[in-house]
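To start, the structure itself, in C-alpha coordinates.
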Amino acid sequence: MRWSASTLAIALAVCACSTPPVDPACTPADSYLTYATFGRPFMEDWCTSCHSQSTFPNMRGGAPDDVNLDTLDEVRLWGGEIEELAAHGSDMPPAGGPTPGERRQLAIWLTCGAR
(Lines give C-alpha, C1' and ligand atoms only; values in the text may rest on other atoms or scores of the structure.)
Protein backbone atom coordinates (compact mmCIF):
# COMPACT_ATOMS: atom_id res chain seq x y z
CA MET A 1 0.00 0.00 0.00
CA ARG A 2 1.31 3.40 -0.96
CA TRP A 3 0.44 6.44 1.14
CA SER A 4 0.16 9.91 -0.31
CA ALA A 5 2.12 12.70 1.32
CA SER A 6 -1.06 14.35 2.58
CA THR A 7 -2.41 11.11 4.07
CA LEU A 8 0.90 10.49 5.80
CA ALA A 9 0.97 14.05 7.14
CA ILE A 10 -2.55 13.67 8.55
CA ALA A 11 -1.71 10.31 10.14
CA LEU A 12 1.42 11.74 11.76
CA ALA A 13 -0.50 14.75 13.04
CA VAL A 14 -3.18 12.53 14.59
CA CYS A 15 -0.53 10.38 16.26
CA ALA A 16 1.30 13.44 17.56
CA CYS A 17 -1.88 14.90 19.02
CA SER A 18 -2.91 11.70 20.76
CA THR A 19 0.47 11.12 22.38
CA PRO A 20 0.85 13.00 25.65
CA PRO A 21 3.98 15.09 25.96
CA VAL A 22 6.77 13.52 27.95
CA ASP A 23 8.72 15.52 30.48
CA PRO A 24 12.35 15.36 29.31
CA ALA A 25 13.44 14.56 32.86
CA CYS A 26 11.18 11.48 32.93
CA THR A 27 13.03 9.13 30.68
CA PRO A 28 13.03 5.33 30.81
CA ALA A 29 16.63 5.49 32.01
CA ASP A 30 15.36 7.15 35.20
CA SER A 31 12.50 4.68 35.74
CA TYR A 32 14.36 3.02 38.59
CA LEU A 33 13.54 6.06 40.75
CA THR A 34 10.55 4.83 42.73
CA TYR A 35 9.44 5.38 46.30
CA ALA A 36 10.77 1.95 47.25
CA THR A 37 14.14 2.28 45.50
CA PHE A 38 14.79 5.99 45.96
CA GLY A 39 12.14 8.10 47.70
CA ARG A 40 11.81 6.25 50.99
CA PRO A 41 15.58 5.74 51.46
CA PHE A 42 16.21 9.39 50.58
CA MET A 43 13.58 10.62 53.05
CA GLU A 44 14.91 8.30 55.76
CA ASP A 45 18.52 9.39 55.16
CA TRP A 46 17.94 13.13 54.90
CA CYS A 47 14.47 14.21 56.04
CA THR A 48 12.58 12.15 58.61
CA SER A 49 15.01 12.73 61.46
CA CYS A 50 13.18 16.09 61.77
CA HIS A 51 10.09 15.63 59.56
CA SER A 52 8.43 12.60 61.16
CA GLN A 53 5.38 12.09 63.34
CA SER A 54 7.48 9.82 65.54
CA THR A 55 10.11 12.50 66.24
CA PHE A 56 9.69 14.17 69.61
CA PRO A 57 8.82 17.88 69.33
CA ASN A 58 12.07 18.97 70.99
CA MET A 59 14.07 16.83 68.51
CA ARG A 60 12.55 18.20 65.28
CA GLY A 61 15.21 20.86 64.74
CA GLY A 62 12.57 23.52 64.26
CA ALA A 63 10.58 21.56 61.68
CA PRO A 64 6.87 22.45 61.83
CA ASP A 65 4.75 19.83 63.58
CA ASP A 66 2.50 19.40 60.52
CA VAL A 67 5.31 18.81 57.98
CA ASN A 68 5.96 15.08 58.09
CA LEU A 69 7.46 12.91 55.36
CA ASP A 70 6.80 9.41 56.68
CA THR A 71 4.65 8.25 53.76
CA LEU A 72 4.50 8.64 50.01
CA ASP A 73 1.26 10.62 50.35
CA GLU A 74 2.94 13.07 52.72
CA VAL A 75 5.92 13.44 50.37
CA ARG A 76 3.52 14.16 47.50
CA LEU A 77 1.64 16.68 49.64
CA TRP A 78 4.86 18.60 50.31
CA GLY A 79 6.50 17.81 46.95
CA GLY A 80 6.67 21.42 45.75
CA GLU A 81 8.40 22.58 48.89
CA ILE A 82 10.73 19.57 48.90
CA GLU A 83 11.69 20.27 45.32
CA GLU A 84 12.31 23.96 46.00
CA LEU A 85 14.24 23.58 49.25
CA ALA A 86 16.01 20.24 48.88
CA ALA A 87 16.17 19.34 45.21
CA HIS A 88 16.95 22.72 43.65
CA GLY A 89 18.15 24.55 46.72
CA SER A 90 20.43 23.70 49.55
CA ASP A 91 18.29 24.87 52.46
CA MET A 92 17.34 21.35 53.47
CA PRO A 93 18.63 19.65 55.38
CA PRO A 94 20.04 22.65 57.24
CA ALA A 95 23.18 20.81 58.37
CA GLY A 96 24.23 19.84 54.83
CA GLY A 97 23.15 16.68 53.18
CA PRO A 98 22.75 15.06 49.80
CA THR A 99 25.25 15.35 47.00
CA PRO A 100 24.35 17.39 43.92
CA GLY A 101 23.70 14.10 42.10
CA GLU A 102 21.30 12.94 44.81
CA ARG A 103 19.53 16.30 44.69
CA ARG A 104 19.17 15.93 40.90
CA GLN A 105 17.68 12.45 41.37
CA LEU A 106 15.25 13.91 43.92
CA ALA A 107 14.19 16.57 41.41
CA ILE A 108 13.69 13.94 38.70
CA TRP A 109 11.72 11.67 41.02
CA LEU A 110 9.44 14.49 42.16
CA THR A 111 9.00 15.86 38.62
CA CYS A 112 8.08 12.39 37.38
CA GLY A 113 5.26 12.11 39.89
CA ALA A 114 6.97 10.65 42.96
CA ARG A 115 5.69 7.16 42.15
Quick one: do Gln53 and Glu74 satisfy side chain to side chain contact (heavy atoms under 4.5 Å, CB included)? Show the steps, please.
CA-CA 11 Å; Gln53 290 181 3; Glu74 290 171 326; 3.4 Å; yes
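- By the side-chain contact (heavy atoms from CB on, under 4.5 Å) test, Leu77 is found to be paired with no residue, residues two or more places apart in sequence or in another chain being considered.
- In this structure, Leu69 CG and Arg40 CZ are separated by 13.5 Å, a value rounded to the nearest 0.5 Å.
- In this structure a side-chain-to-backbone donor-acceptor pair under 3.5 Å is missing from Arg103 to His88.
- Minimum heavy-atom separation, Gly97 to Trp46: CA-CZ3, 3.2 Å.
- Glu102 and Thr99 make their closest contact through OE1-N, 2.7 Å (heavy atoms, listed as atom of the first residue, atom of the second, distance).
- The same ILVMFWY cluster, assembled from side-chain heavy atoms under 4.5 Å apart, contains both Val75 and Phe42.
- In plain terms, the two heavy atoms of Leu72 and Arg115 that are nearest each other are CD2-C, 4.4 Å.
- Going from atom CG of Asp45 over to atom OG1 of Thr48 covers 8.5 Å, rounded to the nearest 0.5 Å.
- To the nearest 0.5 Å, atoms CG (Asp73) and OH (Tyr35) are separated by 9.0 Å.
- Shortest non-hydrogen contact noted between Tyr32 and Gln105 is OH-NE2, 3.0 Å.
- Around the CD atom of Glu84, the shell of radius 6.0 Å holds no more than 12 heavy atoms that belong to other residues, nucleotides or ligands.
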Assess whether side chain to side chain contact (heavy atoms under 4.5 Å, CB included) is satisfied between Thr71 and Met43, documenting all intermediate values.
CA-CA 9 Å; Thr71 68; Met43 294 299 136; over 6 Å; no
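- Considering all non-hydrogen atoms of both residues, Asn68 and Asp65 come closest at ND2-O, 3.1 Å.
- In terms of hydrophobic clustering, with Ile, Leu, Val, Met, Phe, Trp and Tyr side chains grouped at heavy-atom distances under 4.5 Å, Leu110 and Leu33 are assigned to a common cluster.
- In this structure, Phe38 and Trp109 have perpendicular ring planes: the angle between them is above 60°, well past the 30° mark.
- Distance alone, capped at 3.5 Å, is enough to place a donor-acceptor pair between the Arg60 side chain and the Ser52 backbone.
- Nearest heavy-atom pair, Ala63 versus His51, reported as atom, atom and distance to 0.1 Å: CB-CE1, 3.5 Å.
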